[in-house]
Amino acid sequence: MNIFAKKCYLRLFTITIFIALVLNGIIAIGSAAPTLIYPSADEYVTLDASNSLTFNWTQVDGATNYHLEVSRYPDFHTLTRDRTTTNTYYYVAVEQNATYYWRVSAYVNGDWENPSNYGVFYTFEEPEPPAPTLIYPSADEYVTLDASNSLTFNWTQVDGATNYHLEVSRYPDFHTLTRDRTTTNTYYYVAVEQNATYYWRVSAYVNGDWENPSNYGVFYTFEEPEPPASTLIYPSADEYVTLDASNSLTFNWTQVDGATNYHLEVSRYPDFHTLTRDRTTTNTYYYVAVEQNATYYWRVSAYVNGDWENPSNYSVFYTFEEPGTGNLTYLTIGPSGCNYTVDGDDDQVQINQALAAVDALGGGVVELVGPFTYDITGTILIGDDTTLISTTGAVIRLNDDCMWNSMVPVIGQLDSTYTATHDVEICGLEFDCNEANLTHLGTYDSNNLERKWGKGFYNTIYIRGGTSEANFAYNISIHDNHFYDGMGDSARIFNAKNFTYYANEAENMQHATVYCAQVLGADIYDNEIEHITNAGIRFDNSEDAIIHDNILRDYTGTTSAPKYGSEGIQIGNQDAISRLTNNITIYDNDIQGGLDAIQLMDALGTAGTTAQTVLIYNNTIHNSGICTWAKYNGAISVWNWGNGLTIYHNQINDSYGAGILVYNAYSGCTMDVYENNIVGVYDTLATNPTYQLGVTGYGILNYIGSAYMDVNATSNYITGCSTGAYYGVTPTSTASEPNVW
């Protein structure tokens with residue numbers, strides 16, 4: 001055997017013996033690296049006066065030297081400190097306000113062994129421990145408790161937190177607690193007392209420790225005090241004023257203590273969305289010109305201690321001749337002292353007389369005087385250039401004995417040809433639609449008495465234009481009304497242009513609360529809607545609509561109607577209408593509950609590929625997808641849809657089925673989904689296998705797959721899903737922390 005062969009044999013024999021010793025636990029691989037002691041991993045260290053500290057590590061058997069490396073980089077490509085010592089410690093200077101990585105290797109039996117795993121430490125001040133941000137009640141808020149004197153506290157999530165501790169106290173130092181609760185959620189429903197001041201804070205349980213609590217918030221359960229506001233003197237309420245030769249008059253109001261300035265606003269509209277006059281003065285009066293033959297609203301706000309306070313309640317005055325002297329542009333209706341007197345029985349007769357009178361004069365204002373409940377047994381008919389208003393709490397109530405045909409509304413059009421009805425304003429009214437006491441003859445109930453909810457019976461407001469765009473209704477405004485307990489829609493607007501629906505409250509409407517079909521140009525905002533069936537806000541085959549800053553909730557009150565589940569916002573296409581959905585924007589809405597919070601649905605499944613430019617962003621969605629029978633449900637549900645869809649910057653918490661569900665029947669479609677936060681997605685609540693997709697509990701779920709809808713998912717933050725983050729989607733990138741907008 002030659003020398004080379006002997007060397008190979010000996011080396012192979014040595015390796016074999018070494019492997020055998022390792023397998024029998026006699027030799028431990030990696031035992032020649034020290035264990036790092038100080039600074040410990042992720043420690044925030046305090047340097048001494050010379051900006052130094054002493055590194056420590058464990059001894060290695062047989063080691064005669066140790067090599068300490070300190071670097072600003074985890075790959076140690078550049079060393080800040082490079083020291084060799086016979087000790088298991090070394091005192092060395094570093095810099096303040098920096099992040100450092102360090103490791104140590106041992107010199108054993110003539111060789112430097114592999115270094116230890118590195119440790120990281122920081123020479124800047126340790127950041128404040130994570131604490132939630134308080135959301136509701138907000139700071140210095142005057143809250144309204146529910147019937148059980150309770151409210152739901154909300155706060156932001158803390159990364160890694162498994163529990164939260166809510167403390168509620170009557171004292172800012174929390175020495176005595178009124179409520180003391182621990183929860184895994186970022187909310188808690190708890191009772192407090194009326195007419196009190198409360199302080200609250202929340203701490204998070206992270207990595208086995210309770211962190212410091214948040215800064216406290218203070219809220220009040222008594223009625224908010226009225227801010228200082230002037231009392232309006234002249235023109236007085238409902239006054240018919242006479243202008244001087246220059247068409248001017250002097251407005252007067254009372255002084256406010258501490259006020260250094262006053263702001264006078266004069267408008268043709270009770271919501272002051274457009275101002276006729278806008279003046280600031282140090283006086284309690286202002287001489288200003290207005291126009292003859294008009295209705296005006298005015299108010300004043302005071303500047304006190306560096307802030308503009310809330311304005312006074314507005315007052316209305318008229319610059320035309322008082323009714324009864326030849327000018328009927330403005331008419332009042334009420335139980336006494338008005339142009340038309342009602343008696344609480346068949347009051348639509350007098351209302352229609354007034355509306356017909358202003359229509360004959362080319363339009364005007366009809367005011368229902370309250371507080372009074374107007375009994376309605378027939379439809380109220382409104383004409384062009386007409387405002388139907390109440391500033392004093394008038395209620396329109398359907399009579400128990402109404403038996404109207406389908407699509408006969410509470411308020412309809414004076415023009416029965418539906419040709420270009422225009423410039424209609426309905427505001428300030430309360431509609432008691434009396435659902436519990438209204439019935440309609442059914443066709444499939446053996447008893448022949450069946451309520452037909454959502455079949456077009458007793459829609460509150462129904463305005464529609466002609467079938468051609470040239471004959472569309474236009475300039476329809478519905479605002480500052482309260483709708484409740486209806487068997488149909490609060491507002492059904494078909495074939496129209498320029499529709500606004502804002503600052504309304506609605507609950508227990510048995511179809512869509514707002515239903516628009518073939519509407520061109522719409523703005524739906526600042527509404528509070530509790531929806532029960534169909535949808536809170538629904539658009540079919542419409543263009544150029546924005547839906548924003550609404551609060552939508554599942555209806556929680558009692559109703560005699562069955563509840564089938566409903567969407568918060570539903571956007572759809574129907575084959576019966578040739579126009580296709582285009583340019584719909586949905587943003588800054590707060591949606592809770594519902595079959596889906598937002599649903600895009602092509603009902604008949606042939607027209608969806610041409611739907612374009614739908615943007616869904618900055619919405620807050622929680623506890624959605626709550627339905628035991630629906631197959632296609634989640635927080636945002638896309639069912640048979642086309643191109644031009646973008647979903648971004650939405651916060652989705654605690655949804656069932658999916659955070660974003662795509663169930664698409666069209667091939668070759670693309671949508672963009674980016675920078676959404678999806679936290680907590682649970683399996684569908686559907687109990688019948690017929691209603692189960694078979695795939696559930698995903699953050700983003702593309703059920704049929706990318707061949708039909710290619711979902712471009714980028715930088716979404718998804719956590720807490722019962723099954724997984726993605727199905728049928730390959731994300732371009734993901735976010736490790738919640739996105740902040």
Side-chain angles (χ1 to χ4, degrees), residues 157 159 184-186 565 567-569 591-601 614 616-617 619-641 645-667 669-739:
Q157 184 176 350
D159 287 343
T184 58
N185 301 314
T186 57
E567 291 80 25
I569 298 172
I591 310 173
Q592 178 176 316
L595 168 64
D596 307 292
I598 300 173
Q599 182 188 76
L600 308 184
M601 180 180 69
V614 178
I616 302 173
Y617 65 93
N619 300 284
T620 300
I621 299 171
H622 32 128
N623 295 106
S624 191
I626 299 176
C627 189
T628 59
W629 59 266
K631 189 173 185 178
Y632 312 99
N633 69 318
I636 299 176
S637 179
V638 181
W639 178 18
N640 297 356
W641 207 255
L645 172 59
T646 304
I647 302 173
Y648 64 100
H649 290 188
N650 298 284
Q651 180 70 46
I652 300 173
N653 291 344
D654 298 325
S655 62
Y656 292 86
I660 299 174
L661 169 67
V662 182
Y663 191 95
N664 220 51
Y666 306 117
S667 59
C669 300
T670 301
M671 62 184 283
D672 294 314
V673 181
Y674 64 89
E675 294 179 4
N676 300 281
N677 295 330
I678 303 175
V679 179
V681 178
Y682 316 116
D683 290 342
T684 179
L685 296 176
T687 54
N688 187 330
T690 304
Y691 300 134
Q692 296 175 357
L693 281 173
V695 179
T696 181
Y698 285 91
I700 302 178
L701 196 168
N702 187 8
Y703 184 68
I704 299 180
S706 59
Y708 290 88
M709 178 67 86
D710 187 9
V711 179
N712 293 328
T714 306
S715 298
N716 296 285
Y717 175 75
I718 303 177
T719 187
C721 301
S722 63
T723 308
Y726 299 94
Y727 180 91
V729 176
T730 301
T732 304
S733 62
T734 60
S736 58
E737 296 182 354
N739 294 291

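No hydrogens, no waters, no symmetry mates; every other heavy atom, side chains included, goes into these values.
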**Report entry** Check: Gln599 and Asn633 side chains under 4.5 Å, non-hydrogen atoms
**Finding:** no
Report summary line: Of Asn716, Ile718, Ile621, Asn650, the one forming a side-chain contact (heavy atoms from CB on, under 4.5 Å) with Ile678 is Ile718
**Report entry** Beyond-backbone contact of Leu645 with Ile616, side-chain heavy atoms, under 4.5 angstrom
**Finding:** yes
Query - Positive for side-chain contact (heavy atoms from CB on, under 4.5 Å) with Ile652, one of Ile647, Asn619, Ile636 - result: Ile636
Query raised in the report: Got Thr696 and Tyr656 here, is their nearest side-chain heavy-atom distance under 4.5 Å?
Result: no
Report summary line: Heavy atoms of Gly634 and Ser624 approach each other most closely as O-OG, 3.5 Å
Query raised in the report: Rounded to the nearest 0.5 Å, how far apart are CD of Gln157 and CG of Asn677?
Result: 9.0 Å
Query raised in the report: Going by atom types only, do Asn623 and Gln592 share a side-chain donor-acceptor pair under 3.5 Å?
Result: no
Requested in this report: Nearest 0.5 Å please: distance from the CG atom of Leu661 over to the CH2 atom of Trp639.
Outcome: 11.0 Å
Report summary line: What one should report as the nearest heavy-atom pair of Ala658 and Val681 is CA-CG1, 3.7 Å
Report task. Classify the angle between the aromatic ring planes of His649 and Tyr674 as parallel (below 30°), tilted (30 to 60°) or perpendicular (above 60°). Result -> perpendicular
Query raised in the report: Quick one: does Ser637's side chain have a donor or acceptor within less than 3.5 Å of a partner on Asp596's backbone?
Result: no
Report summary line: The ring pair (Phe, Tyr, Trp, His ring centres under 6.0 Å) partners of Tyr726 (sequence neighbours excluded) come to none
Report task. Would you give the length of the straight line joining atom OG1 of Thr732 to atom CG of Asn712, rounded to the nearest 0.5 angstrom? Result -> 6.0 Å
Query raised in the report: Considering residues at least two apart in sequence or located in another chain, which fulfil the ring pair (Phe, Tyr, Trp, His ring centres under 6.0 Å) criterion with Tyr617?
Result: Tyr587, Tyr648
Report summary line: Note: Ala597 and Ile591 closest approach over all heavy atoms is CB-CG2, 3.6 Å
Report task. List the atom of Met671, the atom of Val662, and the distance in Å for their closest heavy-atom pair. Result -> SD-CG2, 3.7 Å
Report task. Search all heavy atoms of Cys721 against all heavy atoms of Gly697 and return the closest pair with its distance. Result -> CB-O, 3.5 Å
Requested in this report: Verify the distance criterion only: is there a donor paired with an acceptor across the side chains of Ser715 and Ser733 at less than 3.5 Å?
Outcome: yes
**Report entry** Candidates Val638, Thr730, Val673, Val711 - the one meeting side-chain contact (heavy atoms from CB on, under 4.5 Å) with Asn702
**Finding:** Val711
Requested in this report: With the side chain counted from C-beta on, respond yes when Ile626 and Leu685 share a heavy-atom pair under 4.5 Å apart, and no when they do not.
Outcome: yes
Report summary line: Minimal heavy-atom distance between Tyr717 and Asn739, with the atoms involved, is N-ND2, 3.8 Å
